[in-house]
Amino acid sequence: MQHIETVFEHTIQDLFGLEVKVVFTRPDEQFGDLATNVALHIAKQIGVSPREVATRITDAAKDALGADVSDITVAGPGFINVTLSDNELLGRAQAAAAEKPQIYQDKLVVAEYSDPNPFKAFHAGHFYTTVVGDAIARLVQAAGAKVHRVNFGGDVGLHVGKAMWAIVGEDMQKALENLEVLAAQPLHDRATWMAECYVKGNTAYDEDETAKAQIIGMNKKVYLIHEQDDHTSTLAKIYHTCRDWSYEYFDAFYQELGVDPFEKYYPESQTTPVGLATVKEQLAQGVYKKSNGAIVFDGEQFGLHTRVFINSEGLPTYEAKDVGLIMAKWHDYRFDLSLIITGNDIVEYMKVVLKSVEQFMPELPPRTRHLTHGMLKLEGGAKMSSRKGNVLYANDILQAAETAAKGDKQTAYAAVKYALLKQRTGGDIIYNPSESVALEGNSGPYVQYAHARARSILAKANRSDPGDFIDFEPSERSLARKITEYPTVLEKAVTELMPHHICTYLYELAQTFNRFYEQSRVIGDEREALRLQLVHAYADVLKDGLSMLHIPAPEHL
RNA sequence: GCGCCCGUAGCUCAGUGGAUAGAGUACUUGGCUUCGAACCAAGGGGUCGCAAGUUCAAAUCUUGCCGGGCGUACCA
């Protein structure tokens, strides 16, 4: 049979001489399996009432649709509702898990996200951006792309100056010896120690003029380490040792959390020379200009802000480093699409950077997408702030989750990931520590549990013959119908790069299954063969959907 | 001031042009001798911030207003 859409398009062409695209949506279950409002759209130009148009289309299409469609009706103001035959619905359900929208087929995609800074704490915000980025990367990958995951972080800059100032202290030799002692301690403790040093340096910078001058000096020295490729001086040894600890800590954390590893870190020390050179080169071309001793991009002529790329001390700001990052990524990958996933506090900033790059590399911004998410906040919309002492660190989240799940890490991490992903990416997210590790309701563990129950049935059943097809009972039909929605949902999630659509769907699917499960026995029932096929299709879709979110679907919990 | 984003049930959120606006949670109540009760069923709870406009049809699009967040030159 032709696609139902095609049948309708031909019918409308024959009846009214109109060329229109027919789109079907999933209506409320009481109305059928597919619905279209095409009659409402074309009624005006035909000059007949929408219901009349719908009726004529329906009558004419009936014969061409064949046995796959069991019913077709006109309802409401002129909707056309289509009900699929039970047999067709079962077939679609069984194919659902394997169907992937190949929207990014053979595309080379670079996905940048997470972006923690060495020497600083890996806080809850990094946790969120990491989980979101991981899910988006997997979606794009499922849609056919070759995805390269990259990470960007500030291994130079004022924050490093602050941390290094505190690490070095009065006596550099002593500091180096101290590192040798620290090396024996767990990675997490070392990371915490560095973060504390940063806080110490940060406080000193604000409160002590002498320290401030020293920190500014330290910042420059760190740049020099890279400029001279220094690995032998005492300062360079301290710096590189600490930086390596940070990277090791990040990698260990990603592995622990269960997100895909990063292929490459772009440290700012690497992108900085590229950015500096590019900005200076384009200064000569008139893209950037001097202003008050700094080098800026005049964004105002494009309705954006004017921003400083190289400050009056000759040091690059984040802007120049980001120009360098964009150039480095392009040099390394020649990507079709570059995804940059960050918080939404830098949307305006990123527009300026990309607009400036557009002036000399016009091919890059069109293939770059800046995807942003909101900030993690606490109940009542309170912002996390180290001064208020209400900062959550990534590790705190994992610990709390693990405790709540009574030491079951798999369940704990599933709960937290799902809690973050179920909300639409973009707006702020109110993080409720206790709700995020809930095992009930719209949660990761609920979906995992529903999956395990289904697998348990399948494991106990010992038959594989499909049996003779028989018509569905209502709860079977609801389940089959819900399963068939999966490819549409996946397509929407991929198109919009919005993982939450998958969460919403998986929860509804699991709920539909649980209702079925509650009232229908599978093993030993006279309908066993049919029901086993449904349970199988259901479990496969659930597992596939969870894998998109990078949440495991164990057979037992 | 200007720019971007947001405002849906007590709370946390789905729904972004379509049919009676839905979930979770909290509260009340019922259901395990039966394939896994981390489950299911029932109940109350809404000026979709306000107003006007566009449309056969608006929570959804447009405009204005109110409220909140973020950004707005050498932080990232």
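Any value given below was found using the heavy atoms of this structure, including those in side chains, with hydrogens, waters and symmetry copies removed.
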Colleague: Return the 5'-most residue of the pair A/Y449, A/Q423 with respect to RNA chain B, ranking by each residue's nearest nucleotide.
Modeller: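 Here A/Q423 is the residue nearer the 5' end.
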Colleague: Could you tell me whether A/D206 and A/K162 have a side-chain N and a carboxylate O separated by less than 4.0 Å?
Modeller: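 Looking at A/K162 together with A/D206, the answer is no, because their closest N to O distance does not fall below 4.0 Å.
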Colleague: Base, sugar-phosphate, or nothing: which does A/T372 touch, judged by heavy atoms less than 4.0 Å apart?
Modeller: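 Nothing: the residue A/T372, judged by heavy atoms under 4.0 Å, touches no strand.
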Colleague: Considering Watson-Crick and G-U wobble pairs with both distances under 3.5 Å, what does B/rC4 pair with?
Modeller: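 Per the H-bond distance test, B/rG69.
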Colleague: With a centroid cutoff of 5.5 Å and a plane-angle limit of 30°, would you call A/F31 stacked on B/rA19?
Modeller: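 Stacking is present between B/rA19 and A/F31, given that their ring centres fall under 5.5 Å apart and the planes under 30°.
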Colleague: Is A/Y318 near enough to B/rA76 that one of its side-chain N or O atoms lies under 4.0 angstrom from OP1 or OP2?
Modeller: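 Checking B/rA76 against A/Y318, no side-chain N or O comes under 4.0 Å of OP1 or OP2.
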Colleague: With the threshold set at 4.0 Å, does a side-chain nitrogen-carboxylate oxygen contact exist between A/R307 and A/E348?
Modeller: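 Answer for the salt bridge query: no.
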Colleague: Quick one: label A/L304 by what it contacts on the DNA or RNA (base, sugar-phosphate, nothing), any heavy atom closer than 4.0 Å.
Modeller: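 The residue A/L304 makes no contact with any strand.
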Colleague: To the side chain of A/N514, which of B/rA14, B/rC39, B/rG18 is closest?
Modeller: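 Minimum distance to the A/N514 side chain belongs to B/rC39.
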Colleague: What one-letter contact string describes nucleotides 22-35 of chain B from 5' to 3', where B marks a base within less than 4.0 Å of any protein heavy atom, S marks contact via sugar-phosphate atoms alone, and - marks no contact?
Modeller: -SSS-----B--SB
Colleague: What's the spacing between A/T306 OG1 and A/D298 CG if we round to 0.5 Å?
Modeller: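 Going from the OG1 atom of A/T306 to the CG atom of A/D298 covers 4.0 Å.
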Colleague: Just name whichever nucleotide pairs with B/rG36, Watson-Crick or G-U, keeping both distances under 3.5 Å, else none.
Modeller: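 Matched B/rG36 with nothing under the 3.5 Å cut-off.
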Colleague: Salt-bridged, A/R481 to A/E485, with N to O below 4.0 Å?
Modeller: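 Here A/R481 pairs with A/E485 in a salt bridge, since their nearest N and O are under 4.0 Å apart.
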Colleague: Looking for any heavy atom pair under 4.0 Å, which part of the strands does A/I346 touch: base, sugar-phosphate only, or nothing?
Modeller: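 Base contact.
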Colleague: Identify whether any heavy atom of A/S312 sits under 4.0 Å from a base atom; if not, whether one sits that close to sugar-phosphate; answer base, sugar-phosphate or nothing.
Modeller: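 Base contact.
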Colleague: Tell me which nucleotide, if any, is Watson-Crick or G-U wobble paired with B/rA23 when both distances must be under 3.5 Å.
Modeller: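 By the stated definition (distances under 3.5 Å), B/rU12 pairs with B/rA23.
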Colleague: I want to know whether A/H370 and A/Y349 have ring centres closer than 6.0 Å.
Modeller: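 No, the ring centres sit 6.0 Å or more apart.
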Colleague: Take A/F516 and A/E476 through the test side-chain contact (heavy atoms from CB on, under 4.5 Å) and record every step on the way to the result.
Modeller: CA-CA 7 Å; A/F516 159 81; A/E476 294 165 350; 3.7 Å; yes
Colleague: Are A/Y205 and A/Y198 an aromatic pair by the rule of ring centers under 6.0 Å?
Modeller: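 Between A/Y198 and A/Y205, which both carry aromatic rings, the centre distance is not below 6.0 Å.
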Colleague: OP1 or OP2 of B/rC74 sitting under 4.0 Å from any side-chain N/O of A/R307?
Modeller: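 Indeed not, no polar side-chain atom of A/R307 lies that close.
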Colleague: Go nucleotide by nucleotide along RNA chain B from the 5' end; which of A/T411 and A/G303 gets its closest nucleotide reached first?
Modeller: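 On the 5' side of the pair lies A/G303.
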Colleague: A/Y446 side chain N/O closer than 4.0 Å to the phosphate oxygens (OP1, OP2) of B/rC40?
Modeller: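 Result: yes.
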Colleague: So, is A/H305 near the phosphate of B/rC4, with a side-chain N or O under 4.0 Å from OP1 or OP2?
Modeller: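 So the side chain of A/H305 is outside the cut-off, no N or O lying under 4.0 Å from OP1 or OP2 of B/rC4.
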